[in-house]
Engineer: 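One structure is given below, represented as structure tokens, and several questions about it will come after.
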Amino acid sequence: MTVAAGIGYALLALGPSLSLFVSVISRKPFLILTLLSSTLVWLVSLIILSGLWRPFLPLKANVWWPYALLVLSSVCFQEALRFLFWKLYMRLEDVLDSFADRISRPRLFLTDKLQIALAGGLGHGVAHAVFFCLSLLTPAFGPATFYVDRCSKVPFFLVSAIIALAFVTIHTFSMVIAFEGYAKGNKVDQVIVPVIHLSAGMLTLVNFASEGCVIGVPLLYLVASLTLLHCGKMVWQRLIESRNQSGSTLR
Amino acid sequence: MESSSILDSLGVEIIGVMAPVSICMFLVVLLTYSLSVTSDPQIRTAANLIYIENPSDSATVKLEGSLENAIVFVVLVAFVTFVLVLLFYYNFTNFLKHYMRFSAFFVLGTMGGAIFLSIIQHFSVPVDSITCFVLLFNFTVLGTLSVFSEGMPIVVRQCYMVVMGIVVAAWFTKLPEWTTWFILVALALYDLVAVLAPGGPLKLLVELASTRDQELPAMVYEARPTVSRSGGGGSSLRVLVGGGGGGVSDSGSVELQAVGDGAATHNLDYNAVAVMDVDGVGRSREGHSASPVSSEHSRELGSVGNRESVAEEEMSPLVELMGWGDNREEPRGLVEESDNIDRGIKLGLGDFIFYSVLVGRAAMYDLMTVYACYLAIISGLGCTLILLSVYNKALPALPISIMLGVVFYFLTRLLMEPFVVGMTTNLMMF
């Protein structure tokens with residue numbers, strides 16, 4: 001269990017995002033910049049949150065409610081930040097559109113907007129995986145592994161990689177949902193994103209119970225796949241709509 | 001194709017600079033990580049002339065000692081830079097170029113060789129000394145030739161710039177901890193002064209080079225476009241020839257400058273600056289004004305020189321910087337002039353080195369600080385590039401990035417780590 005194991009854990013958490021990055025994001029420099037800035041936003045939010053909670057750390061290991069409070073506050077803060085991110089993106093979109101007008105190129109297409117949202121979401125997701133999973137992986141490259149008491153069947157690194165994968169999926173696609181929701185003024189989509197995020201965060205509290213990860217992790221994956229489904233359905237609808245629209249204008 | 005979106009071409013230049021910096025940092029981190037097991041004896045360079053840090057020293061002793069080290073180092077660097085400027089002023093350009101080649105040879109041969117050796121030892125690579133010597137020699141000679149030579153493909157030059165950055169940075173990561181931090185901060189401040197203050201050595205150097213229309217006598221990474229444009233075979237040549245010919249526009253760049261203290265052998269050091277100038281854009285183009293497209297375009301170009309409206313002022317810098325490369329699909333009438341607009345951003349080797357030193361130092365603590373510092377440095381670089389497009393003159397590339405990097409390092413270490421470790425070991429995430 002040395003280098004191979006470490007790389008395996010890392011790829012487990014970040015493999016899908018890596019392939020997304022290579023196939024979609026890396027083709028367009030602008031998307032890479034979006035990804036980097038969204039990663040930075042997430043990092044800054046994490047630093048601010050840890051600054052706020054620092055006086056209360058370490059939390060007692062046997063009471064669960066401070067953790068619930070922590071997750072709640074963090075999710076609220078990050079969702080507020082997502083809204084700010086959206087505002088920022090709106091301004092950027094205006095700039096891009098006016099630039100496109102000036103050099104007489106078409107404005108941003110729907111797919112462009114979706115890709116920007118995807119890059120933004122991926123940035124959040126990657127930041128999550130990097131800071132919550134990858135940065136703790138160093139010992140996994142060594143000869144030993146590590147188990148936590150509450151989840152004694154599976155190595156800690158494996159569980160955290162699996163959980164990180166779920167969160168990467170949730171973060172990535174909920175950003176797409178959120179951006180579409182804001183753009184269309186769709187209240188359901190706007191509300192569903194914080195709900196998804198909060199419920200995912202709260203589900204990790206199940207891990208607090210002894211052997212709770214046996215239940216918590218599958219539930220988390222249920223949330224992740226629901227997010228994925230919803231996002232897929234929504235994007236599909238939008239694409240069909242826009243194709244019909246452009247088809248009719250062409251005629 | 002009319003329908004290609006503007007997203008395809010935006011930001012190429014920024015990524016062209018960020019990618020090599022990222023590669024350099026990544027490889028330095030990998031090196032420090034894999035080689036850290038073998039405890040090297042402390043190295044003696046111009047960076048710790050005064051005080052040799054001892055882990056058992058008290059904090060005040062370390063503080064004073066590393067402060068002295070940093071001051072002495074910066075004074076040395078400033079002195080060597082002034083000598084360089086003097087030499088350049090009196091037109092000892094060839095001497096400077098040969099000196100740069102010599103220092104490149106030296107860096108690659110000795111410091112690179114030492115790193116090469118420790119890699120071989122660490123991974124027990126079965127290679128005999130003759131083969132190793134021949135390989136190293138060839139590698140070094142190619143690197144030396146690639147400095148300041150016209151004939152070399154730009155890719156080779158770029159690769160060697162990155163390699164030199166890695167080698168020097170890997171060397172500097174062996175400096176003791178406190179000294180490293182003080183030197184980084186001191187160099188960032190020095191860079192700020194040297195580039196921006198009137199009479200600053202780097203400012204003088206850059207101005208001198210641009211008034212004489214000469215290449216900067218320094219180690220500089222040029223992010224020139226290596227892909228040829230749709231224009232066909234001739235285009236890559238045009239890119240290389242740069243702005244010399246057409247008289248339309250050339251774009252200049254960032255830069256940096258190198259300073260070497262060859263005698264001390266290990267202390268080759270570089271500082272950096274970023275410069276960019278866009279000139280001559282507003283050439284008259286009566287002939288094209290008939291087409292609405294070109295008039296639009298020329299207005300855009302014109303706005304570089306003088307921006308009138310507030311709105312334009314607000315957005316054009318970013319857009320300018322990012323949008324420049326995409327004249328590919330313009331209607332025919334415009335092709336000739338827009339093709340002349342090439343922009344290369346130049347980044348000093350010193351930036352590569354000290355970014356990587358910071359990240360390498362962070363790697364000795366934990367992976368978490370590495371990611372945080374990487375993001376901080378890259379975003380600092382992004383800010384610098386945006387400022388570059390606003391001010392259109394040489395800018396120091398170190399201060400913003402290094403300051404952000406240092407701040408993020410300590411924030412991560414002091415605040416974030418206990419938080420994240422506390423969360424994750426309880427398998428709690430959000």
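First the proteins, then the strands, lettered A, B, ... as listed; each starts at 1. When reading the values below, keep in mind they use all heavy atoms of this one structure, side chains included, and skip hydrogens, waters and symmetry mates.
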Engineer: Name the member of B:Gly422, B:Ser379, B:Ala372, B:Gly16 that forms the most heavy-atom pairs with chain A at distances under 4.5 Å.
Structural biologist: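 Counting heavy-atom pairs under 4.5 Å, the top option is B:Ala372.
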Engineer: Would you confirm whether the ring centroid of A:Phe156 sits within less than 6.0 angstrom of the ring centroid of A:Phe146?
Structural biologist: yes
Engineer: Considering only heavy atoms, which portion of A:Phe167 lies under 4.5 Å from any heavy atom of chain B: side chain, backbone, both, or neither?
Structural biologist: side chain
Engineer: Rounded to the nearest 0.5 Å, what separates atom CG in B:Leu381 from atom CD1 in B:Ile14?
Structural biologist: 8.5 Å
Engineer: Between A:Leu203 and chain B, with a heavy-atom cut-off of 4.5 Å, which part of the residue counts as in contact: side chain, backbone, both or neither?
Structural biologist: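 Interface part for A:Leu203: neither.
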Engineer: Which answer fits A:Ile116, side chain, backbone, both or neither, if we ask what part of it has an atom under 4.5 Å from a heavy atom of chain B?
Structural biologist: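 Looking at A:Ile116, just its side chain touches chain B.
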Engineer: Tell me whether B:Thr369 contacts the main-chain N or O of B:Ala362 through its side chain, where contact means a donor paired with an acceptor under 3.5 Å.
Structural biologist: yes
Engineer: Within this structure, what is the CG-CD1 distance for the pair A:Leu122 and A:Ile25, rounded to the nearest 0.5 Å?
Structural biologist: 5.5 Å
Engineer: Select, from A:Leu31, A:Thr39, A:Val71, the one with the greatest count of heavy-atom pairs under 4.5 Å involving chain B.
Structural biologist: A:Thr39
Engineer: Heavy-atom cut-off 4.5 Å, strictly under: side chain, backbone, both or neither for A:Leu36 against chain B?
Structural biologist: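 Both backbone and side chain.
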Engineer: Under 4.5 Å, counting heavy-atom pairs only, tell me which of A:Ile163, A:Val206, A:Val75 racks up the most with chain B.
Structural biologist: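 Top option by heavy-atom pairs under 4.5 Å: A:Ile163.
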Engineer: Does any heavy atom of chain B fall under 4.5 Å from the side chain of A:Val44, the backbone, both, or neither of them?
Structural biologist: side chain
Engineer: Considering the options B:Thr412, B:Val406, B:Val407, which one meets the side chain to side chain contact (heavy atoms under 4.5 Å, CB included) requirement together with B:Phe410?
Structural biologist: B:Val406
Engineer: Between A:Phe179 and A:Phe85, what is the ring plane arrangement, given parallel below 30°, perpendicular above 60°, and tilted in between?
Structural biologist: tilted
Engineer: Kindly confirm or rule out a cation-pi arrangement of A:Arg54 over B:Phe419, judged by NZ or CZ under 6.0 Å from the six-membered ring centre and within 45° of its axis?
Structural biologist: no
Engineer: In terms of ring plane angle, is the pair B:Tyr371 and A:Phe131 parallel, tilted or perpendicular, where the classes change at 30° and 60°?
Structural biologist: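 B:Tyr371 vs A:Phe131 ring planes: perpendicular.
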Engineer: Please flag which part of A:Val130 lies under 4.5 Å from any non-hydrogen atom of chain B: side chain, backbone, both or neither.
Structural biologist: both
Engineer: So which of A:Ala164, A:Ser160, A:Ser135, A:Cys213 has the biggest tally of heavy-atom pairs under 4.5 Å with chain B?
Structural biologist: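 So the answer, after comparing A:Ala164, A:Ser160, A:Ser135, A:Cys213, is A:Ser135.
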Engineer: Side chain, backbone, both or neither: which part of A:Leu70 has a non-hydrogen atom closer than 4.5 Å to chain B?
Structural biologist: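 Answer is side chain: those atoms of A:Leu70 sit under 4.5 Å from chain B.
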Engineer: Which answer fits B:Thr424, side chain, backbone, both or neither, if we ask what part of it has an atom under 4.5 Å from a heavy atom of chain A?
Structural biologist: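 Both parts, backbone and side chain.
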Engineer: For chain A, find which of B:Met429, B:Met416, B:Met368 contributes the most heavy-atom pairs closer than 4.5 angstrom.
Structural biologist: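 The candidate making the most pairs under 4.5 Å is B:Met429.
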Engineer: Do other residues, nucleotides or ligands put more than 12 heavy atoms under 6.0 Å from the OH atom of A:Tyr221?
Structural biologist: yes
Engineer: In terms of relative ring orientation, are A:Phe132 and A:Trp42 parallel, tilted or perpendicular, with 30° and 60° separating the classes?
Structural biologist: perpendicular
Engineer: Is it the side chain or the backbone of B:Leu375 that comes within 4.5 Å of chain A heavy atoms, both, or neither?
Structural biologist: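 Both the backbone and the side chain of B:Leu375 come within 4.5 Å of chain A.
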Engineer: Under 4.5 Å from any heavy atom of chain A, what part of B:Leu415 do you find: side chain, backbone, both or neither?
Structural biologist: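 When you check distances to chain A, atoms from both the backbone and side chain of B:Leu415 fall under 4.5 Å.
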